[in-house]
Amino acid sequence: MRRRNSRQDAIRQIVREGSVKTQRALVDELRALGYSCTQATVSRDVADMGLTKLPDGVYVLAEDQHLQRMLGEFVVGVARAENLVVVRTQPGTASGVAAAIDDAGLPHVLGSVAGNDTVLVIVDASEAAATLQRLISKLSGR
């Protein structure tokens, strides 16, 4: 059980930080991290975790689906400055996008502040902000 949880945590990180399109690619990523597993094992993990694919074929976590819907519909741009991520949205939608980001429980996110068409997300480190920027870009299609 412990090994499965650890492997699924690694899958969660891989999916959030990259653009994995196949289970074979997921197996390769896991092996690079030191996990010895088969495609059948990864297939069970994908089902257990409720992973789905975005229209472009990239895996997304079940817990990120609401976030993906909000970002895909309302985000018009994303930028980063050090440990801050600025998310530009359609007018009047920033508070909903900020709530979705906060509710997603993303690692390293300390919180967000929303205006009318801009969300400022505060992250605990520059590297984590870069990862968050890539995730928001991926989920929003930008």
Ignoring hydrogens, what is the shortest heavy-atom contact between V97 and M70? Give both atom names and the distance. N-CE, 3.8 Å
Sub-4.5 Å side-chain heavy-atom contact between Q68 and S140: no
Please report the shortest heavy-atom distance between K138 and L54, naming the atom on each side. O-CD1, 4.1 Å
Any side-chain heavy atom of V20 sitting closer than 4.5 Å to one from T22? no
Atom pair CD1 (I11) and CD (Q13), whose distance is rounded to the nearest 0.5 Å: 11.5 Å
Cluster overlap L61 with V46, hydrophobic side-chain contacts below 4.5 Å: yes
Would you find a donor on one side and an acceptor on the other, under 3.5 Å apart, between the side chain of K21 and the backbone of Y59? no
Return the OG to CG distance between S137 and L132, rounded to the nearest 0.5 Å. 9.0 Å
Stepwise, does the side-chain contact (heavy atoms from CB on, under 4.5 Å) test hold for V121 with L84? CA-CA 6 Å; V121 184; L84 305 174; over 6 Å; no
Is the backbone of E73 close enough, under 3.5 Å, to the side chain of Q90 for a donor and an acceptor to pair up by distance? yes
side-chain contact (heavy atoms from CB on, under 4.5 Å) assessment of L110 paired with V123: CA-CA 5 Å; L110 301 175; V123 185; over 6 Å; no
With the threshold set at 4.0 Å, does a side-chain nitrogen-carboxylate oxygen contact exist between R44 and D48? no
Hey, does V86 have a side-chain heavy atom less than 4.5 Å from the side chain of V119? no
If the threshold is 4.0 Å, N to carboxylate O, is there a salt bridge linking R4 and D45? no
Taking all atoms of both residues into account, what is the closest heavy-atom pair of P107 and R16, and its distance? CD-NH1, 3.5 Å
Close side-chain approach of L139 to V75, heavy-atom, < 4.5 Å: no
Can you give me the closest heavy-atom contact between S43 and Q23, atom names plus distance? CB-OE1, 3.3 Å
Can you establish whether the number of heavy atoms outside R80 located under 6.0 Å from its atom CZ is more than 12? yes
Any donor-acceptor N or O pair under 3.5 Å, side chains S6, Y35: yes
Using distance alone, with no hydrogens and no angle criterion, decide if E17 and T131 have a side-chain donor and acceptor under 3.5 Å apart. no
Side-chain contact, heavy-atom cut-off 4.5 Å: I14 with L26? yes
Test side-chain contact (heavy atoms from CB on, under 4.5 Å) on L67 and I136; report intermediate values, then the result. CA-CA 9 Å; L67 178 62; I136 291 172; over 6 Å; no
If Ile, Leu, Val, Met, Phe, Trp and Tyr residues are connected whenever their side-chain heavy atoms lie under 4.5 Å apart, and connections chain through other members, are V27 and L33 in the same group? yes
Measure the OG-CG distance between S19 and L135 for me, rounded to the nearest 0.5 Å. 9.5 Å
Any side-chain heavy atom of V58 within less than 4.5 Å of one from K53? no
Is the closest side-chain heavy-atom distance between S36 and R31 below 4.5 Å? no
Student check: side-chain heavy atoms of V78 and R88 closer than 4.5 Å: no
Output the distance between atom OG1 (T118) and atom CG (L120), rounded to the nearest 0.5 Å. 9.0 Å
Between S126 and N83, do the side chains contain an N or O donor and an N or O acceptor separated by less than 3.5 Å? no
Would you sort out whether I122 and S112 count as a side-chain contact (heavy atoms from CB on, under 4.5 Å), showing the intermediate values? CA-CA 6 Å; I122 298 92; S112 66; 5.8 Å; no
Can you measure from CG (N5) to CZ (R12) and round to the nearest 0.5 angstrom? 9.0 Å
When hydrophobic residues are tied together by side-chain contacts of less than 4.5 Å, even through go-betweens, does V85 share a cluster with F74? yes
Mind checking the CE-CZ spacing from M49 to R7? Nearest 0.5 Å is all I need. 10.0 Å
